[in-house]
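Since the structure comes first, as structure tokens, the remarks are kept for the end.
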Amino acid sequence: MTTVPIPAGWPATEEEARAVQDELRGRVVTDEPGPPPGSGHVTGVDVAYDDERDVVVAAAVVLDAAGLGVVAEATAVGRISFPYVPGLLAFREIPTVLAALAALPCPPGLVVCDGYGLAHPRRFGLASHLGVLTGLPTIGVAKNPFTFAYDEPGARRGAAAPLRAGAEEVGRALRTRDGVKPVFVSVGHRVGLDNACAHTLALTPAYRLPETTRRADALCRRALQEAVTRQEPTSR
DNA sequence: GCGACAG
DNA sequence: ATCTTGTCGC
């Protein structure tokens with residue numbers, strides 16, 4: 001497994017990173033409904049870190065949208081390309097995630113990201129950024145509301161309430177399990193919000209988080225352990 | 001100025 | 001994200 005290089009010209013400062021977001025945000029496509037839920041491929045991507053050893057591992061897991069079975073998976077290993085800064089998460093994850101997607105043997109279809117798309121300080125979160133760079137339809141499903149406001153949705157699975165930045169609806173708080181904390185869905189690229197929520201519900205038949213992110217999370221953690229174990233075979 | 005802040 | 005065992009509850 002080769003290590004993904006940090007791209008030439010990758011932002012080195014927060015100021016540069018914000019400038020990149022401001023430049024690319026205009027390329028987000030929001031007037032396409034996106035692929036219909038329940039057909040084709042749905043791919044989850046996630047990343048795990050070992051900041052101490054400067055290792056980051058990304059995983060991409062392709063599921064059959066109809067039965068949610070695993071169709072393909074891939075991982076990639078890289079170096080930490082940016083510190084974690086709220087609002088700049090994409091610069092920390094994207095190089096390695098792109099490599100994992102590129103390593104897949106089949107088209108990803110809709111990509112489901114851990115985090116936000118348009119629900120972002122500059123309306124250009126990880127999911128939107130990844131969508132613009134790949135051209136793929138993407139959505140973001142986050143576990144926390146970040147700085148956004150929302151009213152508690154109804155207690156039943158399927159209930160939803162707007163995720164708001166002031167009066168603007170930047171996403172939706174969506175209940176995926178009865179009585180359990182909602183997830184926070186936002187549009188990434190080339191998908192509508194209603195459709196993004198429909199996909200999220202289709203991907204959560206049993207747990208709060210989408211099967212895509214659950215599978216990708218488990219895979220990148222496993223791969224990270226293997227990567228650092230190989231790095232120091234006789235530590236201790 | 002201070003605190004909050006996706007992963 | 002990550003550090004980390006058991007435990008209460010459906």
Side-chain angles (χ1 to χ4, degrees), chain A residues 11 14 17-18 20-21 25 28 44-61 75-98 100 111-132 138-150 155-157 163-166 168-174 176-189 193 196 200 206-210 212-229:
Chain A
E14 298 183 20
R18 291 191 192 93
V20 170
Q21 292 181 328
R25 56 189 289 187
V28 176
V45 293
D46 195 18
V47 174
Y49 306 92
D50 187 327
D51 286 70
E52 284 294 295
R53 293 164 175 151
D54 188 24
V55 177
V56 48
V57 174
V61 180
T75 59
V77 180
R79 300 301 199 65
I80 306 281
S81 54
F82 210 84
Y84 172 65
V85 178
L88 301 178
L89 176 65
F91 296 94
R92 187 167 165 78
E93 309 208 330
I94 278 188
T96 317
V97 167
L98 286 176
V111 177
V112 181
C113 299
D114 231 350
Y116 292 125
L118 297 181
H120 177 273
R122 287 167 293 285
R123 306 296 178 268
F124 197 68
L126 171 64
S128 297
H129 201 148
L130 189 62
V132 164
T138 62
I139 66 174
V141 180
K143 298 181 280 296
N144 298 292
F146 201 11
T147 61
F148 302 103
Y150 69 100
R156 308 295 287 183
R157 164 179 157 86
L163 186 63
R164 315 181 304 268
E168 180 183 0
E169 180 178 27
V170 295
R172 210 162 276 165
L174 177 66
T176 54
R177 292 201 69 190
D178 291 357
V180 173
K181 176 179 177 175
V183 296
F184 303 88
V185 180
S186 60
V187 167
H189 182 61
L193 184 54
T200 302
Y207 299 97
R208 175 186 178 230
L209 298 179
T212 38
T213 50
R214 286 168 44 77
R215 287 320 233 290
D217 179 74
L219 179 55
C220 68
R221 290 195 198 208
R222 203 182 315 145
L224 176 64
Q225 284 318 311
E226 290 166 10
V228 301
T229 296

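Please read all numbers here as calculations on a predicted model, not as lab measurements. Atom set for the values below is all heavy atoms of this structure, side chains included, hydrogens, waters and symmetry mates excluded. Order of the sequence lines fixes the chain letters, A, B, ..., with proteins taken first and strands second; residue numbering starts at 1 for each chain.
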Completion exercise
Separation of C/dA1 atom P from A/R92 atom CZ, nearest Å, is 11 Å
Practice task
Would you mind reporting whether A/R122 and A/L88 have side-chain heavy atoms less than 4.5 Å apart?
Solution key: yes
Problem - Whole-Å distance separating the CG atom of A/D178 from the C1' atom of C/dC10 - result: 13 Å
Fill in the blank from the handout: Nearest heavy-atom contact between A/P95 and A/A90 is CD-O, 4.5 Å
Problem - Secondary structure string for DNA chain B (Watson-Crick or G-U under 3.5 angstrom, | for other-strand pairs) - result: .......
Handout entry: Between C/dT2 (P) and A/L89 (CG): distance, integer Å
Key = 12 Å
Problem - Mutual orientation of the aromatic rings belonging to A/F124 and A/H129 [parallel < 30°, tilted 30-60°, perpendicular > 60°] - result: tilted
Exercise for the section: Measure the acute angle between the ring planes of A/F91 and A/F82, then classify it against the limits of 30° and 60° as parallel, tilted or perpendicular. Expected result: tilted
Exercise for the section: Scan A/Y84 against the nucleic acid and name what it touches under 4.0 Å (heavy atoms): base, sugar-phosphate only, or nothing. Expected result: base
Exercise for the section: Please answer whether the main-chain N or O of A/G87 pairs with a side-chain N or O of A/Q21 as donor and acceptor at a distance below 3.5 Å. Expected result: yes
Practice task
Pick base, sugar-phosphate or nothing for A/G87, based on heavy-atom distances below 4.0 Å to the nucleic acid.
Solution key: base
Exercise for the section: Kindly say whether the aromatic ring centers of A/F184 and A/Y150 come within a distance under 6.0 Å. Expected result: yes
Practice task
Scan A/D50 against the nucleic acid and name what it touches under 4.0 Å (heavy atoms): base, sugar-phosphate only, or nothing.
Solution key: nothing
Exercise for the section: Using whole Å, report how far CG of A/L224 lies from P of C/dT2. Expected result: 7 Å
Handout entry: Heavy-atom contact window of chain A on DNA chain B, given 5' to 3' at under 4.0 Å
Key = B/dC5 to B/dG7
Problem - Under 3.5 Å: donor-acceptor pair, side chain of A/R157, backbone of A/T176 - result: yes
Practice task
Have a look at A/L163 and say if it touches a base, only the backbone sugar-phosphate, or nothing, with a 4.0 Å heavy-atom cut-off.
Solution key: nothing
Exercise for the section: Tell me what A/A119 touches on the nucleic acid: a base, only sugar-phosphate, or nothing, going by heavy atoms under 4.0 Å. Expected result: nothing
Practice task
May I ask you to check whether over 12 heavy atoms, not counting those of A/R79, lie within 6.0 Å of atom CZ?
Solution key: no
Handout entry: Salt-bridge present (A/R222, A/E226; N to O < 4.0 Å)
Key = no
